[in-house]
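Position 1 is the first residue of the sequence, and the numbers go up from there.
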Amino acid sequence: MSKQMLPVFPAGEGCCAPMVREPLAGDDAAELARMFKALSDPVRLRLLSLIASHEGGEACVCDLTGPFDVSQPTISHHLKVLREAGLVSSERRGTWVYYRVIPAALNRLSGLLQAPVRASVPAGAGG
């Protein structure tokens, strides 16, 4: 029996089985493609990483503009794409907007890409 821990998802949020076990349904594929497309831009991928690794798990938009050689409106556009893809949520507090990563979305993406665990084949043993 494996001691590998499986991720637990909140009730009602559902999860995709890894692609290696069953094919994706059309609606799931469209939603997941939107998430992966949002992450395919280097600035958005870095933004997501900055938000996720920020102290407290959330970052003010004022903390996200410095590390990039793009304008503030461009950062806002990238944050909007991440939000619309369901990867981050936002909350306005006074004049600032704070962003946090949605863990269930990352769990869904990582769960989809899980490779099957297979017994290793010794080198030289055909198969």
Side-chain angles (χ1 to χ4, degrees):
M1 180 192 255
S2 172
K3 292 183 181 181
Q4 181 181 17
M5 298 293 291
L6 297 176
V8 177
F9 296 94
E13 290 197 42
C15 176
C16 296
M19 292 187 299
V20 297
R21 284 201 308 233
E22 62 185 61
L24 286 173
D27 290 346
D28 286 336
E31 182 180 348
L32 290 161
R34 192 174 78 243
M35 289 178 170
F36 282 116
K37 184 176 181 180
L39 292 176
S40 69
D41 182 278
V43 171
R44 289 192 289 265
L45 191 57
R46 285 186 61 208
L47 278 169
L48 187 74
S49 175
L50 280 170
I51 295 166
S53 64
H54 205 271
E55 187 176 332
E58 67 178 9
C60 175
V61 70
C62 60
D63 296 324
L64 300 173
T65 55
F68 299 95
D69 287 333
V70 296
S71 67
Q72 188 278 325
T74 301
I75 294 293
S76 292
H77 166 74
H78 287 302
L79 289 167
K80 178 182 175 186
V81 171
L82 290 170
R83 194 176 63 249
E84 289 176 347
L87 295 166
V88 298
S89 62
S90 62
E91 177 184 348
R92 180 171 290 282
R93 297 182 200 151
T95 58
W96 299 110
V97 178
Y98 289 78
Y99 290 87
R100 72 188 60 75
V101 170
I102 300 173
L106 297 186
N107 287 338
R108 188 171 186 204
L109 292 173
S110 66
L112 176 73
L113 297 175
Q114 286 179 347
V117 179
R118 298 182 183 177
S120 59
V121 177

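In this structure, S90 has no side-chain hydrogen bond (donor to acceptor under 3.5 Å, both in side chains) partners at least two apart in sequence or on a different chain. For E84, the side chain to side chain contact (heavy atoms under 4.5 Å, CB included) criterion is met by K80, not counting sequence neighbours. Every side chain to side chain contact (heavy atoms under 4.5 Å, CB included) that L109 has, sequence neighbours left out, goes to L32, M35, F36, L39, L87. When the side chain to side chain contact (heavy atoms under 4.5 Å, CB included) test is applied to T65, the partners found at least two apart in sequence or on another chain are Q72, I75. Taking T74 as the reference, V70, S71, H78 meet the side chain to side chain contact (heavy atoms under 4.5 Å, CB included) condition, with sequence neighbours excluded.
To the nearest 0.5 Å, atoms NE2 (H54) and OH (Y99) are separated by 14.0 Å.
The salt bridge (charged side-chain N to carboxylate O under 4.0 Å, His left out) contacts involving residues 51-69 comprise E58-R93, E58-R100, where partners must be two or more places apart or lie in separate chains.
The shortest non-hydrogen separation linking A85 to R34 is CA-NE, 3.7 Å. Nearest heavy atoms, R44 versus L82: O-CD1, 3.7 Å. Closest of all the heavy-atom pairs between R46 and P67 is NH2-O, 3.3 Å. Listed here is the closest heavy atom pair of G86 and I102: O-CD1, 3.4 Å.
Contact of the L47 side chain with the V88 side chain is not registered, since no non-hydrogen atoms from C-beta on lie closer than 4.5 Å. In this structure, V61 and Y98 have side chains that are not in contact, with every pair of non-hydrogen atoms separated by 4.5 Å or more.
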Residue pair I51, L79: steps toward the side chain to side chain contact (heavy atoms under 4.5 Å, CB included) verdict: CA-CA 10 Å; I51 295 166; L79 289 167; 3.9 Å; yes
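Under a hydrophobic-cluster definition in which Ile, Leu, Val, Met, Phe, Trp and Tyr are linked whenever side-chain heavy atoms come within less than 4.5 Å, directly or via other members, L45 and V81 are assigned to different clusters.
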